[in-house]
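Working notes, beginning with the structure itself.
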Amino acid sequence: QVQLVETGGGLVQAGGSLRLSCAASGPTSGNYAMAWFRQAPGKEREFVAGVARGSPTTYTHYADSVKGRFTISRDGAKNMVWLQMNSLKPEDTAVYYCAAEFTLDPWRLPGLKRDEYDFWGQGTQVTVSS
């Protein structure tokens, strides 16, 4: 069992920045590719960014809507994952979730669909005002 706890959400003006953190704990928490998803009111949960198990920043991928603005990173030794969000837009408003996908391949990027993931955090609200 892996526990994920997100922090760092809040209210920010358009053009501002936020940094989300996800703390992972559990006996096998190092064996997961990690990702951030988000869910806006009335919409489905969508993939935002993902990072492979074996790479702090190199093996990453992003949704087109956040490329160039968001950066995902992780520290395996600390079991932490971050999402740096810059140039925020009102359409980025959502609950952001940290997710873990078990994998034996350290270079495999995590999936794009929510049903590929094994564990989820409780979410943190991000609100971007115009």
Side-chain angles (χ1 to χ4, degrees):
Q1 191 78 6
V2 174
Q3 293 79 43
L4 303 174
V5 178
E6 304 98 333
T7 56
L11 174 64
V12 64
Q13 288 189 332
S17 298
L18 279 176
R19 188 191 195 206
L20 305 183
S21 299
C22 173
S25 61
T28 59
S29 56
N31 295 332
Y32 294 82
M34 302 296 294
W36 289 93
F37 280 70
R38 66 186 181 187
Q39 189 165 15
K43 295 187 177 181
E44 292 188 355
R45 194 170 299 188
E46 63 176 3
F47 174 85
V48 174
V51 60
R53 199 188 95 193
S55 169
T57 57
T58 305
Y59 281 75
T60 59
H61 58 157
Y62 298 90
D64 288 343
S65 59
V66 306
K67 280 181 182 177
R69 300 189 297 123
F70 291 10
T71 302
I72 188 171
S73 59
R74 69 184 298 171
D75 183 327
K78 297 180 180 179
N79 286 331
M80 292 291 298
V81 181
W82 298 275
L83 184 68
Q84 178 66 43
M85 305 186 295
N86 298 329
S87 302
L88 282 162
K89 304 175 181 180
E91 51 263 45
D92 294 318
T93 295
V95 177
Y96 283 71
Y97 296 90
C98 180
E101 179 187 5
F102 179 79
T103 178
L104 296 177
D105 182 353
W107 311 116
R108 180 182 180 280
L109 290 169
L112 302 179
K113 299 180 180 180
R114 60 181 297 179
D115 59 6
E116 298 181 72
Y117 289 79
D118 302 285
F119 298 102
W120 293 85
Q122 81 290 349
T124 185
Q125 176 70 46
V126 172
T127 302
V128 185
S129 62
S130 57

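All of these numbers come straight from a predicted model, not from anything done at the bench.
We find that K67 and D64 are joined by a salt bridge, their nearest charged nitrogen and carboxylate oxygen being less than 4.0 Å apart. Between E101 and R53 no salt bridge is recorded (no basic side-chain N to carboxylate O distance below 4.0 Å).
Tracing side-chain contacts under 4.5 Å through hydrophobic residues (I, L, V, M, F, W, Y), one reaches L112 starting from W120; they form part of the same cluster. Using a 4.5 Å cut-off between side-chain heavy atoms of Ile, Leu, Val, Met, Phe, Trp and Tyr, with links allowed through other members, F119 and F102 fall into the same hydrophobic cluster.
Contact of the Y32 side chain with the V2 side chain is registered, since non-hydrogen atoms from C-beta on lie closer than 4.5 Å. When side chains are defined from C-beta on, C98 counts as touching W36, because their heavy atoms get closer than 4.5 Å. For the pair F47 and Y117, the minimum side-chain heavy-atom distance is below 4.5 Å.
Residues P106 and A52 share a closest heavy-atom pair of O-CB, 3.4 Å. Between Q122 and L4 the shortest heavy-atom distance is OE1-O, 3.6 Å. Nearest approach of F37 to K113, heavy atoms of both residues: CZ-C, 4.0 Å. Taking every heavy atom of both residues into account, S21 and W82 meet most closely at OG-CD1, 3.2 Å. Closest approach of P90 to A14, counting heavy atoms only: CD-CB, 4.1 Å. When all heavy atoms of H61 and L109 are compared, the pair lying nearest together is NE2-CB, 3.9 Å.
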Working for side-chain contact (heavy atoms from CB on, under 4.5 Å), residues I72 and Y62: CA-CA 9 Å; I72 188 171; Y62 298 90; 3.5 Å; yes
Step-by-step side-chain contact (heavy atoms from CB on, under 4.5 Å) determination, R69 to D92: CA-CA 11 Å; R69 300 189 297 123; D92 294 318; 2.7 Å; yes
Verdict with supporting geometry, V126 and T93, side-chain contact (heavy atoms from CB on, under 4.5 Å): CA-CA 5 Å; V126 172; T93 295; 5.9 Å; no
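Between the SG atom in C22 and the CE atom in M80 there is a gap of 7.0 Å [rounded to 0.5 Å]. The CG atom of L83 sits 11.5 Å away from the CE atom of M34 when rounded to the nearest 0.5 Å. Taking OG of S130 as the start and NZ of K89 as the end, the distance is 14.0 Å to the nearest 0.5 Å. Here the straight-line distance linking atom CG of L88 with atom OG of S17 works out to 6.0 Å at 0.5 Å rounding. Atom NZ of K43 sits about 8.5 Å away from atom CZ of R38, to the nearest 0.5 Å. Note that OG1 of T124 is 6.0 Å distant from CG of L20, once rounded to the nearest 0.5 Å.
Annotation: cation-pi geometry satisfied between R45 and Y97 (NZ/CZ under 6.0 angstrom from ring centroid, within 45° of ring axis).
No donor-acceptor pair under 3.5 Å is formed between the side chain of Q84 and the backbone N or O of T71. Side-chain atoms of Q39 do not come within 3.5 Å of backbone N or O of E44 as any donor-acceptor pair.
Residue Y59 places its OH atom among 12 or fewer non-hydrogen atoms of other residues, nucleotides or ligands, all under 6.0 Å distant.
Judged purely by distance below 3.5 Å, without hydrogens or angles, the side chains of Q125 and T127 pair a donor atom with an acceptor atom.
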